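Just so it is clear, the structure is predicted and the values come from calculations on it, not from any experiment. Any value given below was found using the heavy atoms of this structure, including those in side chains, with hydrogens, waters and symmetry copies removed. Quick note on labels: first sequence line is chain A, next is B, and so on, each numbered from 1.
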2 protein chains.
Amino acid sequence: METMNTASAPADEPQWLTAEEQRVWRAYLHATTLLEDHLDRQLQRDAGMPHIYYGLLVGLAEAPHRRLRMTELAMQAKITRSRLSHAVARLEKSGWVRREDCPSDKRGQFAVLTDAGLEVLRRTAPGHVTAVRQALFDRLTPEQQKSLGEIMQIVAEGLQPNEAGADLPWLR
Amino acid sequence: METMNTASAPADEPQWLTAEEQRVWRAYLHATTLLEDHLDRQLQRDAGMPHIYYGLLVGLAEAPHRRLRMTELAMQAKITRSRLSHAVARLEKSGWVRREDCPSDKRGQFAVLTDAGLEVLRRTAPGHVTAVRQALFDRLTPEQQKSLGEIMQIVAEGLQPNEAGADLPWLR
DNA sequence: CGCCTGTCCTTGAAACTTGAACAAATAGGT
DNA sequence: ACCTATTTGTTCAAGTTTCAAGGACAGGCG
């Protein structure tokens, strides 16, 4: 239903997508859902968890003491705190993450990557990287990779106006 | 954990992502999850259904008699038949879709867009198009839009080797 | 101090998704 | 006609996500 007229937009008519824009949008939708499904299955099969959970472990692995406050981890992963809460509960049951109280703020919780969690990453990361390469990077020219990065950067910033990047948006 | 070494890959070491590739991949992940969430909320709020369900209605609206076989609709939307089965059950309860038996194949079912379904599309499509524009097209140059289309086309085809496009792959 | 107000995180129920298992029907031989 | 393999769509159970609500604490202010 982005599909309707191709003519110009008279007054209050919504500005429909052009034929070319529609092609782009559909390609985007198809590619992103196929890729997400593909990686979800790959990781579910090889690591026993969905892609987003894997991303949480990665986030923790890269954090200072393999630990992050729940809110930070949620922001990092672009998910709600509620969703994270459930996810960490599940990862805890699997033994890959452990919770710890924050000493300085009694409301706070740290999610901590366990040794088992690190181990599962070590074991499955290579296969995952390969999957990402095969599905994405191996198919694109260097120019396309660069372009993709720029585009996605723009879109992400548009939807999440903050998140200090290379430049400081609040100074402009 | 795509993150590990930045040095060259010795023998059997997996081929980790370069720093630049990592940036691209993260931007991709962030942008796609933010956009998906954004549109899901937009449509849940304005149309009372998630994005993928909306896509199903659009698919039906564009089909010959506002109807499609379950399997075709599933392929169109890039989802499993199981998921579609649940989704159509829900859309049926909402009154936007109706099922019809296929006369020529007694196993078959058509999903048919009802008048109420068409009406909900008419009512909500403008807002949805606007959301897509604001989040994506309005932020990209024409060159970037073109590039994005090409890239996504490549990725989609890589993950779904068939789906007749402009050329006929089985003839090559 | 005592009282707001906001932040941090969890909970519970409902909605949605997944994968395997299944019944019914068709298609393809033999 | 017959037997097998495949296709079609559904169902079940388990897992995940969402949204609204709520409990606990922190920070600021009179």
Side-chain angles (χ1 to χ4, degrees), chain A residues 33-34 36-57 67-94 96-112, chain B residues 32-34 36-57 67-94 96-112 162:
Chain A
T33 73
L34 287 171
E36 181 58 19
D37 285 8
H38 181 65
L39 296 181
D40 259 339
R41 295 210 175 88
Q42 186 267 314
L43 283 171
Q44 189 67 56
R45 174 165 54 72
D46 298 347
M49 70 189 110
H51 188 197
I52 190 100
Y53 286 36
Y54 179 89
L56 296 176
L57 297 193
R67 82 192 48 215
L68 240 30
R69 286 286 294 269
M70 294 294 280
T71 296
E72 293 180 86
L73 184 51
M75 291 194 313
Q76 225 258 3
K78 264 73 186 168
I79 63 177
T80 63
R81 287 195 291 288
S82 171
R83 185 174 175 183
L84 178 63
S85 206
H86 289 294
V88 167
R90 194 278 216 185
L91 290 171
E92 221 172 359
K93 240 184 284 192
S94 303
W96 298 325
V97 167
R98 158 171 46 87
R99 285 181 217 247
E100 269 182 31
D101 293 343
C102 174
S104 64
D105 185 338
K106 288 176 183 168
R107 297 167 300 181
Q109 289 275 103
F110 282 104
V112 186
Chain B
T32 53
T33 73
L34 287 171
E36 183 57 20
D37 285 8
H38 181 66
L39 295 181
D40 258 339
R41 296 214 171 85
Q42 186 266 314
L43 283 171
Q44 189 67 58
R45 174 167 52 73
D46 299 347
M49 70 189 110
H51 188 197
I52 191 98
Y53 286 38
Y54 179 89
L56 296 176
L57 298 193
R67 81 191 50 212
L68 239 32
R69 285 286 294 269
M70 294 295 278
T71 296
E72 292 181 87
L73 184 51
M75 292 195 313
Q76 225 259 359
K78 265 73 185 170
I79 63 178
T80 62
R81 289 196 288 292
S82 170
R83 186 174 176 183
L84 179 62
S85 206
H86 291 293
V88 166
R90 194 281 214 182
L91 290 171
E92 219 171 2
K93 238 185 286 192
S94 302
W96 298 326
V97 166
R98 157 170 48 87
R99 284 182 219 249
E100 269 182 31
D101 293 345
C102 174
S104 63
D105 184 340
K106 286 177 185 168
R107 297 167 301 182
Q109 290 274 101
F110 282 105
V112 186
N162 61 316

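Put simply, NE2 on A:H51 is 15 Å from P on C:dT18, counting in whole angstrom units. Taking atom CG of residue A:D37 and atom P of nucleotide D:dT16, one finds them 15 Å apart after rounding to whole Å. Counting to the nearest Å, the P atom of C:dC9 and the CG atom of A:L56 are 14 Å from each other. Spacing between atom NZ of B:K106 and atom P of C:dA27 amounts to 12 Å, rounded to whole angstrom units. Protein atom CD of B:Q42 is 17 Å distant from nucleotide atom C1' of D:dT18, rounded to whole Å. Regarding A:E92, its CD atom lies at a distance of 14 Å from the P atom of D:dT16, rounded to whole Å. We find that NE2 of A:H38 is positioned 15 Å from P of C:dT18, with the value rounded to whole Å. Separating the CZ atom of A:R83 from the P atom of C:dC16 is a distance of 15 Å, rounded to the nearest angstrom.
Among the protein residues, B:I52 comes within range of the sugar-phosphate backbone only, with heavy atoms under 4.0 Å from sugar or phosphate atoms but none that close to a base. Backbone-only contact: A:R41 has heavy atoms under 4.0 Å from sugar-phosphate atoms and none from a base.
Using modelled atom types, one finds no donor on one side chain facing an acceptor on the other under 3.5 Å when comparing B:R81 with B:S85.
Between A:V88 and A:D40, the residue anchored nearer the 5' end of DNA chain C, judged by the nucleotide with its closest heavy atom, is A:V88. In terms of position along DNA chain C, the nucleotide closest to B:Q44 lies nearer the 5' end than the nucleotide closest to the other residue of the pair A:Q44 and B:Q44. Residue-to-nucleotide proximity on DNA chain D shows that, of A:S104 and A:G48, the 5′-proximal contact is made by A:G48.
Interatomic distance, CG of A:L84 versus OG1 of A:T71, reported as 8.5 Å (0.5 Å rounding). Taking OH of B:Y53 as the start and CG of B:D40 as the end, the distance is 10.5 Å to the nearest 0.5 Å. The distance from the CD atom of A:Q44 to the CZ atom of A:R41 is 10.5 Å, given to the nearest 0.5 Å. Within the model, atoms CZ of A:R69 and CZ of A:F110 stand 5.5 Å from one another, a figure rounded to the nearest 0.5 Å.
For the OP1/OP2 pair of C:dC16 and a distance below 4.0 Å, the side-chain nitrogens and oxygens of B:R90 include at least one atom meeting the criterion.
In this structure the side chain of B:L56 never reaches within 4.5 angstrom of the side chain of B:V97, judged on heavy atoms.
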Readout for nucleotides 2-14 of chain D: B = base within 4.0 Å of protein heavy atom, S = sugar-phosphate only, - = neither; 5' to 3' it is -----BBBBBB--

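Scored by the side-chain hydrogen bond (donor to acceptor under 3.5 Å, both in side chains) test, A:R83 finds no partners at all (sequence neighbours excluded).
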